[in-house]
Amino acid sequence: MRCKIISPTSLVFEGEVPRVELPSVQGRMVVLNHHAPLLAVLESGKVVAGTQAYGITGGIARVKDNEILIMTDE
């Protein structure tokens, strides 16, 4: 699955990953290949994309067409 993490000032990460773990406001969630479309509000925590971890303070994640776009607050 294609993953892109964007902050207001830069592209933080872009690449192919088998899974992404997200800190959503409803609890931790895992997105795998071919996940159903979804929008999720994110809270402060770690986004784990494959083997890389990124700290965020919040944001939004969109999953569609085997691609996840994560837009962070900072």
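Here the structure is a predicted model, which is why all the values come from computation and not from measurement.
For the atom pair NE2 of His35 and CG of Asp65, the computed distance is 14.0 Å after rounding to the nearest 0.5 Å.
Pro37 is not listed as a side-chain neighbour of Val63, based on a closest heavy-atom distance of 4.5 Å or more. Taking the side chain as every heavy atom from C-beta outward, Leu69 and Ile6 approach each other to under 4.5 Å. At least one side-chain heavy atom of Glu14 sits less than 4.5 Å from a side-chain heavy atom of Arg2. Between Leu32 and Met1, every side-chain heavy-atom pair lies at or beyond the 4.5 Å cut-off.
Under a 4.0 Å N-O distance rule, the pair Glu21/Arg28 qualifies as a salt bridge.
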Please tabulate, for the side chains in residues 39-53, all donor-acceptor contacts under 3.5 angstrom to protein atoms that are two or more places apart in sequence or on a different chain.
unit_1: Ser44; atom_1: OG; unit_2: Ile56; atom_2: O; d: 3.4

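The hydrophobic clustering, which links ILVMFWY residues whose side-chain heavy atoms are closer than 4.5 Å, places Met29 and Phe13 together. Hydrophobic clustering (ILVMFWY, side-chain heavy atoms < 4.5 Å, transitive): Met71 and Val17 are in distinct clusters.
Within 6.0 Å of the CD atom in Gln26, the count of heavy atoms belonging to other residues, nucleotides or ligands does not exceed 12. Within 6.0 Å of atom CG in Leu38, more than 12 heavy atoms from other residues, nucleotides or ligands are found, so the atom counts as buried in its surroundings.
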Test side-chain contact (heavy atoms from CB on, under 4.5 Å) on Ile70 and Lys4 and set out the steps. CA-CA 6 Å; Ile70 301 164; Lys4 192 182 284 189; over 6 Å; no

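Shortest non-hydrogen contact noted between Pro8 and Asp73 is CG-O, 3.2 Å. For the pair Val20 and Cys3, the tightest heavy-atom approach, listed with the atom from each and the gap, is CG2-SG, 4.1 Å.
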